[in-house]
Amino acid sequence: FAQKDVFQLKDLEKIAPKEKGITSMSVKEILQSLVDDGMVDTDRIGTSNYFWAFPSKALHARKRKLEELESQLAESSQKKEALQKSIEKSKIGREDTAERAALLKELAALRQKKEQLKTEVDKYRECDPDVVEEMRQTNQVAKEAANRWTDNIFSIKSWAKRKFGFEESKIDKGFGIPEDLDYIE
């Protein structure tokens, strides 16, 4: 900021130890962190890298940030006022009176009654025609799956009899297949 000039890295490595007391070995690291933070600008021109930082840019950045924060503050204040008005508006008609207390008590009793009725309806859910139909469809799918597996078992048994010449009773005994295995009707 003080010199308002553009520098190369080698210039800064010479100037920083003399004027600011920074070791020349750490100048590159410090300069890179300043570039990363946006406090120093850099650009490559030809084969050289140039670094600069002007006070006006920092001033403009601070002004922008200040304006942004002020607009956020104003917006938050408006929201707060709107919420306060909403709270005040909501309080109208909600004063604690005997009538209101009685209505709240009645509301609590009705909610409790609703929960009791809901549990009673859930008890009789098994008799609901939709649930019964869903159970029938599920049973039909399970029956078809069981018959498909039974068919697969019979196919494998006949293949094993043809391929290896085993008796059916030995195959049943060896694989734990019950003698009365049959399709489900």
Side-chain angles (χ1 to χ4, degrees), residues 29 32-44 60-185:
E29 294 172 17
Q32 186 60 45
S33 72
L34 289 172
V35 169
D36 292 342
D37 292 342
M39 298 175 75
V40 173
D41 293 319
T42 183
D43 200 1
R44 184 174 189 87
H60 288 301
R62 282 192 222 107
K63 280 184 180 178
R64 271 195 311 274
K65 185 69 173 172
L66 180 62
E67 289 171 0
E68 181 181 320
L69 291 173
E70 286 174 346
S71 69
Q72 287 178 357
L73 178 65
E75 186 178 316
S76 296
S77 297
Q78 289 176 349
K79 283 183 181 178
K80 181 183 174 191
E81 288 176 22
L83 289 173
Q84 290 290 348
K85 288 178 183 176
S86 176
I87 289 171
E88 293 301 319
K89 188 177 179 182
S90 297
K91 285 183 179 179
I92 296 172
R94 291 186 181 206
E95 294 82 17
D96 287 334
T97 62
E99 182 184 352
R100 178 173 165 74
L103 288 173
L104 286 173
K105 198 172 194 180
E106 184 181 346
L107 177 65
L110 288 173
R111 283 185 176 160
Q112 186 178 7
K113 175 106 174 151
K114 177 186 170 190
E115 287 300 317
Q116 289 173 348
L117 291 173
K118 198 174 190 180
T119 55
E120 192 172 330
V121 165
D122 285 343
K123 265 197 283 187
Y124 299 113
R125 191 171 194 302
E126 294 173 0
C127 298
D128 185 9
D130 294 336
V131 173
V132 171
E133 183 59 33
E134 185 179 326
M135 287 171 60
R136 282 189 183 133
Q137 290 176 356
T138 304
N139 288 343
Q140 182 63 31
V141 169
K143 180 179 166 184
E144 289 172 2
N147 285 335
R148 188 172 40 250
W149 279 103
T150 304
D151 192 39
N152 290 343
I153 290 171
F154 286 147
S155 296
I156 290 175
K157 280 173 52 174
S158 70
W159 174 80
K161 281 195 308 189
R162 277 193 323 263
K163 183 80 172 172
F164 302 109
F166 290 135
E167 293 178 23
E168 192 169 330
S169 61
K170 287 185 178 181
I171 293 173
D172 290 345
K173 187 177 178 184
F175 289 103
I177 301 171
E179 291 178 14
D180 61 343
L181 178 70
D182 201 3
Y183 293 100
I184 298 173
E185 295 297 326

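The structure presented is a predicted model; accordingly, all values stated were derived computationally and were not measured.
- Inter-residue side-chain proximity for Lys113 and Leu117 is flagged as met; some heavy-atom pair is nearer than 4.5 Å.
- For Glu133, the CD atom sits in a packed shell: over 12 heavy atoms of surrounding residues, nucleotides or ligands are nearer than 6.0 Å.
- Once rounded to the nearest 0.5 Å, the distance linking CD1 of Ile171 with CZ of Phe164 reads 9.5 Å.
- Taking 4.5 Å as the limit, every side-chain heavy atom of Glu134 sits out of range of all side-chain heavy atoms of Asp130.
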With a cut-off of 3.5 Å and sequence neighbours excluded, list every side-chain donor-acceptor pair involving residues 140-148.
from: Gln140; atom 1: NE2; to: Glu144; atom 2: OE2; distance (Å): 3.3
from: Lys143; atom 1: NZ; to: Glu185; atom 2: O; distance (Å): 3.3
from: Asn147; atom 1: OD1; to: Ile184; atom 2: N; distance (Å): 2.7
from: Asn147; atom 1: ND2; to: Ile184; atom 2: O; distance (Å): 3.1

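- For Glu99, the CD atom sits in a loose shell: 12 or fewer heavy atoms of surrounding residues, nucleotides or ligands are nearer than 6.0 Å.
- Residue Ile156 holds its CD1 atom at 6.5 Å from CG of Asn152, rounded to the nearest 0.5 Å.
- For the atom pair OG of Ser71 and CG of Leu66, the computed distance is 10.0 Å after rounding to the nearest 0.5 Å.
- Residue Phe166 qualifies as open at atom CZ: its count of foreign heavy atoms under 6.0 Å is 12 or below.
- With rounding to the nearest 0.5 angstrom, the NZ atom of Lys80 is 10.5 Å from the OG atom of Ser76.
- Among residues two or more places apart in sequence or in another chain, the ring pair (Phe, Tyr, Trp, His ring centres under 6.0 Å) test is passed with Phe175 by none.
- Judged by distance alone, the side chain of Ser155 and the main-chain N or O of Asp151 form a donor-acceptor pair under 3.5 Å.
- Rounding to the nearest 0.5 Å places CG of Leu83 at 11.5 Å from NZ of Lys85.
- Atom CD of Gln72 sits about 10.0 Å away from atom NZ of Lys79, to the nearest 0.5 Å.
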